[in-house]
Structure formats: structure tokens, C-alpha cells
Amino acid sequence: MKRATEDRIRIATLWATAVGFVGLAYLTWFVAPDWSYQPDVAAPLTRKLLFFHPASAWASFAAYLVTFVMGLAYLNERDLKFDRPARAAAEVGFLLNTVALVTGTFWGIQEWAKTGQASLATVYSEPKVLVVVVLWLTFAAYLLLRRMIDGPERRARLAAAFGCIGFLAVPASFLTSRLLATSLHPDIAGPGKNPDAAVSTNVGWILLWSAVTFLALFTHLFLQRLRLLRLEEAVAAAVEQESP
Amino acid sequence: MNDITSFALAFGLTAALLAAYMAHLERRARRLEQALATLQAAAASDKNPHAPR
């Protein structure tokens, strides 16, 4: 992709993100159903995290998919041009994964509190949450590993292998809640979703809006991080040229 | 923890995290662009010491 096109997309996605979040705030407060009138809903306000939690998780999975694909491309071609996007996507994916974990933790504490156990223990012993925590820790280790290894080729090779293996937790998290009967986590989208967690058309549209907003945010942050990596390399090259 | 505190904490932490990361990236990009421009100007003046600065 040409640098000018990339810059245009980076700025367009920043605007899309801003408009998306303003729209999402409006939809969350004025269009989404008011769950406070439903006696079976334990925390009606916290349930509004529905419009932030799944979308941030999906965007983080998309980011990890970029790391996986770029990692495979690097292992196949051994070309460092694939390493830069893999690193940028992993960093942004880790951030979005953190957002999903933070929102999910607060939501889970409120929704699953009725099971009788200590609420935080209930959330973190839930199989899908556990898999996502493993995913988060794997990519935290991926980012640390990148800082610890010297030599661009060795770093890129090990990071690519690590990123590809780490990505396996994404399909695992998708399957966990669908295959394990003990899972408390509802699945609102995709094949095998829970019939009792089905969302109304109205909520479905807001969810789609939030998914597009978070995808725009991911694209903007990813391109911004790529731009930074390129600048860092250019500065390092210029310093090397300057030094005698 | 009650419903309002839960929502406010989750929402506030998310917004703060995203805003801080975006601001950090923008600040770092600006600083690197400045450093690169300075280095390029220095390299150009080294090549042509009589050129006006």
C-alpha cells in the first residue's frame, strides 16, 4: 500500500472512530432497551457494557489474526517486511484484549454474582474467561520477548512462531463456551450461539455499530503504530549515518 | 460493588486506557518526526557546508 493512501486511511479511520463512539454513546443511552424494568436482570446499567465488551474482544481477535497471518508469511518468506505489521497488530490487539477483559470482569462480577461464590473467583474460573486470560498473557509474553531478543532476524523468527502458537487461543475461546456445558459465558453471535442469549434486532444493530467502531479504532491504531515503527527505523538509520 | 460503580469503573478505565494510548502514539510520532527532520538537516549541511542553514 502506498504511504499516502495509508495516511488517508489512518486519518479517515480516526474520524470514523470519533463519529462511531459518539453514535455508540447515543445508541447506548437513548436507543438500547432499559433493562432496569426487567426483574431478572441483576445489573441493568452494567449490562450496557454489551455494546463495548464483545466488540473490543472481536477487534482484538482480528488484530491477533493479522499477527498470525504476518507471522506465517514471515516464516514462509523470511522477509522482515512482514515482521513490522505483526508487531503493530500484536500491540494493538493486546490493548483491545485488555479492554475486553476489564469490561468483561466488571460485567461478569455483576451478572454471575448470583451463583453464590465469591464474584471475582466465579469470573476467573469460567472456562472462556480463562482461555482469554491465557491469550492475554501469551501476547504480553510475545511483546516482552520482542524487547529481550537482539538481532532482527532472530527476533522476527521467534516472535512469528510465538504469535502463531498464541493465536490458537482465539479459536479455543470460540469453542470453549460452545462445547463446555459448565461455561457461564453466553454466545450472542456466530454458529452455536445460545438461544437464551439471543438479542433483539434493535440490540443487534447497536452491536453491529459497536463492532464497526472498534474495527475502525483497530485500523487507526494499527496504521499509527506502523507509522511509528517506520519512523523509529528511519531515525535509527539517520543516527547511524551521522555517527562516524 | 453496586451497578453504577461497576459501570462507571469499567467505562472510565476503558476510556482512559484508549485515550492514553492514542495520546502516547501521537506524541511519540511528533517527537520522532522532529528528530528525523533535525538529523536530515544536519546530514544535508554536512554534505554542503556552505549551504544556508
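Residue numbers start from 1 in every chain, and the chains themselves are labelled A, B, ... in the order their sequence lines are given, proteins ahead of strands. Because the structure is predicted, anything quoted here is derived from the model rather than measured.
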Please find out if less than 6.0 Å separates the ring center of B:Phe11 from that of A:Phe106. no

B:Leu32 to A:Val235 - nearest heavy-atom pair and separation: O-CG2, 3.7 Å

Residue list, ring pair (Phe, Tyr, Trp, His ring centres under 6.0 Å) with A:Phe82, at least two apart or on another chain: none

Residue selection (most heavy-atom pairs with chain B, distance under 4.5 Å) from A:Leu95, A:Val102, A:Val92: A:Leu95

Nearest 0.5 Å, please: how far is CG in B:Leu36 from CG in A:Leu231? 6.5 Å

For B:Ile4, is the CD1 atom crowded, meaning more than 12 foreign heavy atoms sit under 6.0 Å from it? no

Between B:Leu25 and chain A, which part of the residue has a heavy atom less than 4.5 Å away: side chain, backbone, both or neither? both

Residue pair A:Leu49 / B:Ala10: nearest heavy atoms and the distance that separates them: CD1-CB, 3.7 Å

Donor-acceptor pairs under 3.5 Å, chain B versus chain A:
unit_1	atom_1	unit_2	atom_2	d
B:Met1	O	A:Gln110	NE2	3.0
B:Asn2	O	A:Gln110	NE2	3.4
B:Asp3	O	A:Thr46	OG1	3.2
B:Asp3	OD1	A:Thr46	N	2.9
B:Asp3	OD1	A:Thr46	OG1	2.5
B:Asp3	OD2	A:Leu45	N	2.9
B:Ser6	OG	A:Gln110	NE2	3.1
B:Tyr21	OH	A:Glu91	OE2	2.6
B:Glu26	OE1	A:Gln224	NE2	2.9
B:Arg28	NE	A:Glu232	OE2	3.2
B:Arg28	NH2	A:Glu232	OE2	3.1
B:Glu33	OE2	A:Arg227	NH2	3.0

